[in-house]
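See below for the structure under consideration.
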Amino acid sequence: MGAASTTCACWAGVLVQSNPDQEVLARVYAELGTPPAMSMELASRHCKMEGVCNSEGRVLRFRFPRLAAPARIPRLLGNLTELQVLDASKRGFFGSIPAELGQLANLQALLLQENNLSCPIPPELGRLGELRILNLSANILNGSIPDEISRLEKLTSLHLQWNYLSGGIPASLGRLRLLENFRFQGNRLRGTIPAELGGLSSLKALLLAENELEGPIPEELGKLKRLQVLDLEGNLLSGELPKELGDLIQLRMLGLRGNRLFGSLVPLGNLTKLRSLRLSQNRFDGPIPPELARLRSLVHLRLHSNRLTGQIPPELGQLRALTALILYGNRLTGPIPPELGRLRRLRTLSLRENELEGPIPVELLELRLLVNLDLAKNKLSGDMPKDIGKLQHLMLLQLSGTGLAGSLPQGLWELGNLTGLYLDANAFEGALPKEIGNLRKLKVLVLRQNFLSGSLPPEMGELKELTRLFLDQNSFYGKIPPEMGNLRKLHSLHLHQNYFWGTIPAELGGLRELRYLGLYKNAFNGNIPKELGQLGKLFGLALHQNRLRGAIPQELSNLTKLKRLQLHRNELSGIIPRKLFSLISLQDVDLSENRLSGTIPAELGNLTKLQYLNIFRNRLNGQLPEALGQLESLQYLDLSENRLTGGIPAGLTQLQRLTHLMLSENQLFMSFNTTNGIANLAIEPNIGGSNNGELIFGYGFVNLSDKVLKTNVRDLSEKEVQEMLTCVNAGAKVGPIPDFTGASALMALTLHQNQLSGVMPASLTRMRNLAVLTLHGNWISGVVQPLNLKSVCADNPRFHIYSKSCPVLPRMLWGLRPEQVAAAHENCPFTFVRCGLIDPPPASLTLHRNRLSCGVPESLNMSLVMATAVMGNMLGDGQALNATWISAEEQQHFLYYSARVLANNQLLFAAFLCLLLVAVLRGPQLHESFHWRLQTVEIDPPHHALISIIQLQTLRVCLVALAFAGLLLPAYLVGAGYYTCGQPVGKTTAGYLSDSPVMELVVCCLWCCTTTAGTVALFTMPRQRRKGQGNETPSPRCLGLTWVCGRRIFFWMLWFFIVSTVSMPSILYSVAQALPANNTSGLSDHILAQLHRLAPILIVLLDMMLAMPLSNAYSKLTGMRADRLLMSMKLCSAWLLSLLATLLLHENCLGAWKWYWRVCDRATPEHQMFNLELWGHPILKTDEDICQLDRNWWRDGRCSRSIIEGLAPLLLKKLLVRTLAQPLVLLATWKLSRLEDNTASSHRGRHLKLFGIWPKTTRSLEQAQQGAMLTTLLETLIFWGPLIPLVVAGVLAAVVASSWLFAVGTRNFGVRLPASEGGLNADFSLSYMQGALFAGSSFQLWHAFGTGMCGRHLLAAHSALLLAFVCSPARRRLELDWAKALWGRSDLATRIASEVELM
């Protein structure tokens, strides 16, 4: 055995030495994973195959066997020096090409295609001088093409296609004179095509398609006389087509598709062997050359997607071999040539997207082999050919948007091979016949956007192969046939925008392959069938804009693949099913404009893929769920116009993809973060370290100490806390705007018409993408923050075409009509990259009807902002608003704290200082005068005594009221938190009282005390006893519906018309401070300013000069009591008409000033300036939201505050004029007057006459004048004193001045008043005072409940008790006792009782 082994080994050594290639092959096989024994056997058997080895056993050809696993190409192959053919194609090799292959000097063919070889091509391959074929295609080679390849001078085929080669094409390759196949397509080659390639005289195929080559096509390519295939498609080539290409007479395929070539088509008529001409997707213009008719061998002609013009040459009908004529996407005009009917071999004719006109030639019906006929989007006319049924091989008929009309021909239903029928966007009419069921192979039926009508035939259920059905935007009506449930392969069903009625068939639930169901914009009624829950593959359900009612079925929660659910604008009711929000694939949910109620389910947080959620205009209530903060993909959220309460969840403000948040027109105001039933109310410890809590509410705080509540606030439930805060925070509208900086992508934030309060957070200034912010109609206070608004170019999230949103539309453009494309470009500028071509909309900011005050920033980071800020606020700091973002139309001086308002306030305070100075300087004289009055009242004539007694009692009432006013004034000053800044006079009134429950409670208590004291004083006021003597004209009583009653009503109405005319200054005061500049009434701003300044003086002058003569004259004419007429006139001119005018005109009341505003005049260009829409969703409308009268003006306390604030200056000015100016005027006229003769009768009295002639200058001292004036002053005191404490001081000063004038006139000037006034009996009026008392209480109640004052219920109870007392008979028994207690002297009380009677 040992000898035998040694012998075998020796023979093996001899074999290796005699045939080295066999050893190399054995090692190659072993390297590829073959066992050693098998490797030697394979190597030994290799040369047994014929032609693979030479006579010496050297390997000439080697093809790798199939590999068990991917491997690298062995480097040992470089040792097969006699190798001529190396075939490693399709074997799964990876890695780089071994450089050792460059040692194969005899190699003629290197075939490495269709592997996974990577890395650059080794330059060592340039040593293969005998190489004829180099095929490295379909690998992942990268890097540039080595110049060394140009050394392969015997190379005939070079295949480098479908790799990742980059760089340029080496010009040196032009030296390969024997090269016949040059295939470099499908790489990343850049640069130009080398002109040196024109030297490849043997070249037959040049393929450079699908690279990034640029520049012109070299004209040198025209020298390639043997060239048969030229494929340069899919590059960036530019320039005109070289005319030298017309010399390539051997050319069979010319492919230049997908470049940037332009110019006209050069004559190619010499290319008679050309079979395929592909020049599509370039920029060629001009006409199609008729010379193309000479290309009789042409099979495919593709000129689509260029800019070719002119008519289609009829000569193309001579191309009898043509099977495909594709000319779509050009600008061809004229008719379709009938000569095309001669192309009997034609299978595809595509002329779509041109401007072809005329009818469809009947000659086209001779193309019996036609499979695809596409004439869509042209301007054809006429009907569809009746004999279209002759095209029996037709599988695809596309006539969309051609303008064809008429009824669908009967022959259409004979095309049994038809698989796609596109007839949309035409004017076809009529009904669908039952023969439609003959199209058994039909897969796609598109009839949308026609005028088809009638009901759907049941035979449509026989189209069993149908996958897509588009019947939308027609006039179909009736019920959907149940047979539609037989279309089991249907993927898309579009029946929207028709007139279908009835219920949705339950049979549609059997369409288990359905992906989309569109039934919107019809007239379906009834409930949503629960069977739709069986459509397990459905991803889009659009049932909106119907009349569906009932609840949303729970079964819809089975649609686990549903992405888009659109049920808006129906009549759906009930709650939103919680299971519906278990569909985690949902991306778009629109339930808006229904009648859904209940709360928003917390399960909403499961929809982590949700991008669009719209539940706008429903009846949802409750709080916003915290789960909203889990919707990390959410971009659009609209919950506006519901009944939602509570606060905005903190998580919602941190959604980084959120761009549109609309929560307007709800009742959002306070945020409770609840954990396990315990309300966390943002309780912060006091500075002293106690365990009490303070709840922060806007500007004030409420101390909820354990001593007060008898419990720890942390142990209270949310409901208990709400009940506890009913008094403390009622009407306070607590709950600030949260911090939205976490939602960094937010572009639109609408929070208007809620109950938000607090200040504008400074965090809003850090929102860099914010373009729309609406906060109007809330209770936001403080200053306007310097926001950084910007115009954002964004897509409209509400815009859809065929239920597809903007990101999807670019892939659908080919199927859209021009108007739809234009709408897509307009609404989707970001998607279509048009932001640089359009002007973005201006930023929008709405702040009106809040509590904002103080100065405003000069700009908001933009020059173009549509803003409303001044109306319903108190902006300004006593200077002009120098804000570029506030429009001039809104900068009306009466709408903000302007310089004019500041000047008026300063004037008032200066006048009060003068009044105080007069009181100090003249105090002793006044005290002496009143002491004399008390001493002489017992000896005065009765009518003098009555006036003196009324004056003295009025003074007592004023002094009591002054004491209460001294308590109210500091309460108002301390609690003046409604505006941070504001008018100084306003801060002294109840109009600014807010955010201070303690002060509100104190004020309500003081109001109760003031009203009680006023009632007691009212019923102790004396008046003259009525004895029935004299010529007093009795007032006829209105008993029943007699003519007397009608006569009295008519006279009173006529009197009020006269009073309104005479009291016009009082009305003009409110008008002048409410009419805008450049108004439509014709009154200039200068005139309005003068009227506003002079109105208080004119009111007093008219009161002095006209009131009494008019009352006497009208009394004599009608028989009505002159004192009642006089007091009604004084009341109207004093403040009643101003109140009514303010109620009508003020911005926070009815707002009728806008009737005279140019913005509200539809004929002016300014009318549209405040129209604000957000993607078609109206946010602000000039007519409805700005110019329309507010029907809820009486509810929220804004109006009552504005009336108090607006009338306070008028009342104070008038009282100051009556106190300071009127006495001076009267004393001056009295100095110029003379006393009447003493011979005058006591009945007429004795007056002063001006210059002793005429008129009487002391008529103001008479009983009627004094009674009416004191009554009016007390009315003003009772009504306005509790609301405006300074009015009490003004009334007291006016009463003192009047009493002093009366004493001076009767004592110093000797005036004697008449004993009788002709039966007028004018004195203190009980009925007027009772009316003032009830009116004042009513106004206080309105203001208290409107503003939500703490203590308003106490005030209401007190008013009810007071009313009961006034109406009680026991009231009269107490009057005399009260009088005795008030007057303090029994003899004086007896005198009063004998001469006068109590009211």
Side-chain angles (χ1 to χ4, degrees), residues 299-302 304 312 314 316-328 332 335-354 356-378 380-428 430 432-447 450 452 459 462-463 465-468 470:
V299 176
H300 297 93
L301 177 57
R302 300 175 183 269
H304 60 88
I312 299 175
L316 295 185
Q318 302 173 18
L319 302 175
R320 301 302 174 87
L322 204 62
T323 61
L325 176 58
I326 304 177
L327 304 178
Y328 71 83
L332 301 173
I336 299 174
E339 290 78 1
L340 297 184
R342 302 174 186 174
L343 305 176
R344 301 303 172 87
R345 297 183 182 181
L346 199 64
R347 299 177 63 84
T348 299
L349 176 59
S350 179
L351 306 178
R352 65 180 295 134
E353 297 181 43
N354 281 287
L356 300 174
E357 301 173 343
I360 299 176
V362 295
E363 288 79 1
L364 296 185
L365 303 182
E366 302 300 325
L367 305 177
R368 302 301 173 86
L369 299 180
L370 201 62
V371 174
N372 180 1
L373 176 58
D374 188 355
L375 306 178
K377 294 189 178 181
N378 278 286
L380 304 178
S381 58
D383 300 340
M384 188 187 303
K386 295 181 179 180
D387 297 329
I388 195 164
K390 293 180 179 181
L391 304 178
Q392 287 297 310
H393 289 85
L394 199 63
M395 299 178 64
L396 185 60
L397 177 59
Q398 300 188 69
L399 300 177
S400 306
T402 56
L404 297 177
S407 58
L408 298 176
Q410 189 66 27
L412 182 63
W413 318 119
E414 300 173 3
L415 301 176
N417 290 314
L418 206 62
T419 60
L421 178 58
Y422 298 83
L423 304 179
D424 51 298
N426 284 292
F428 292 120
L432 294 179
K434 62 181 181 179
E435 287 79 6
I436 193 174
N438 297 335
L439 306 180
R440 303 296 176 87
K441 297 182 180 180
L442 197 63
K443 295 182 179 180
V444 180
L445 176 59
V446 183
L447 300 178
N450 280 286
L452 299 172
E459 287 75 9
E462 299 177 10
L463 306 178
E465 299 297 321
L466 204 62
T467 60
R468 293 189 294 166
F470 297 84

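Worth knowing before you read on, the calculation uses all heavy atoms, side chains too, and leaves out hydrogens, waters and symmetry mates.
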Do W413 and L408 come within less than 4.5 Å of each other through their side chains, counting heavy atoms only? yes
Quick one, I360 and L399 - any side-chain contact, counting heavy atoms below 4.5 Å? yes
Heavy atoms of P385 and P409 approach each other most closely as O-CG, 3.7 Å
Using atom types as modelled and distance alone, determine if a side-chain donor or acceptor of N438 lies under 3.5 Å from a backbone N or O of E414. no
Flag the pair V371 / L396 as yes when at least one side-chain heavy-atom distance between them is below 4.5 Å, and no otherwise. no
Any side-chain heavy atom of E339 sitting closer than 4.5 Å to one from L316? no
Verdict with supporting geometry, L445 and I436, side-chain contact (heavy atoms from CB on, under 4.5 Å): CA-CA 11 Å; L445 176 59; I436 193 174; 3.9 Å; yes
Would you compute the distance between atom CD of Q410 and atom CG of L412 and round it to the nearest 0.5 angstrom? 9.0 Å
The reported gap from CG in L364 to CG in L343 (rounded to nearest 0.5 angstrom) is 9.5 Å
Taking atom CE as the centre, does M395 end up with more than 12 heavy-atom neighbours from other residues, nucleotides or ligands that are less than 6.0 angstrom away? no
For the atom pair CZ (R345) and CG (L367), what is the distance rounded to the nearest 0.5 Å? 13.5 Å
Measuring from L327:CG to D374:CG, what's the distance to the nearest 0.5 Å? 11.0 Å
Ignoring hydrogens and angles, tell me if any N or O in the side chain of T323 forms a donor-acceptor pair with the backbone of V299 under 3.5 Å. yes
Note: V444 and T467 closest approach over all heavy atoms is CG2-OG1, 4.2 Å
Closest non-hydrogen atom pair, L369 against R344: CD1-O, 3.6 Å
Straight-line distance of N450 CG to D424 CG, nearest 0.5 Å: 7.5 Å
side-chain contact (heavy atoms from CB on, under 4.5 Å) evaluation trace for N378 with I336: CA-CA 11 Å; N378 278 286; I336 299 174; over 6 Å; no
Can you tell me how far apart OG1 (T402) and CG (L356) are? Round to the nearest 0.5 Å. 11.0 Å
Shortest non-hydrogen contact from N417 toward K441: OD1-NZ, 2.9 Å
If we only count heavy atoms from C-beta on, is the L421 to L442 side-chain gap below 4.5 Å? yes
Salt bridge (Lys or Arg N to Asp or Glu O under 4.0 Å) contacts in which one or both residues fall within residues 363-372, not counting sequence neighbours: E366-R368
Which atom pair, heavy atoms only, marks the closest approach of L397 to I388? CD2-CD1, 3.8 Å
Do Q398 and N372 have side-chain heavy atoms sitting under 4.5 Å apart? yes
Side-chain heavy-atom pair L466, L439 within 4.5 angstrom cut-off: no
Under the side-chain contact (heavy atoms from CB on, under 4.5 Å) rule, what do M384 and F428 come out as? Steps first, then yes or no, please. CA-CA 9 Å; M384 188 187 303; F428 292 120; 3.7 Å; yes
Which atom names give the shortest non-hydrogen contact between L404 and L380, and what distance separates them? CD2-CB, 4.0 Å
Decide yes or no for L346 and L370: does some side-chain heavy atom of the first lie under 4.5 Å from some side-chain heavy atom of the second? yes
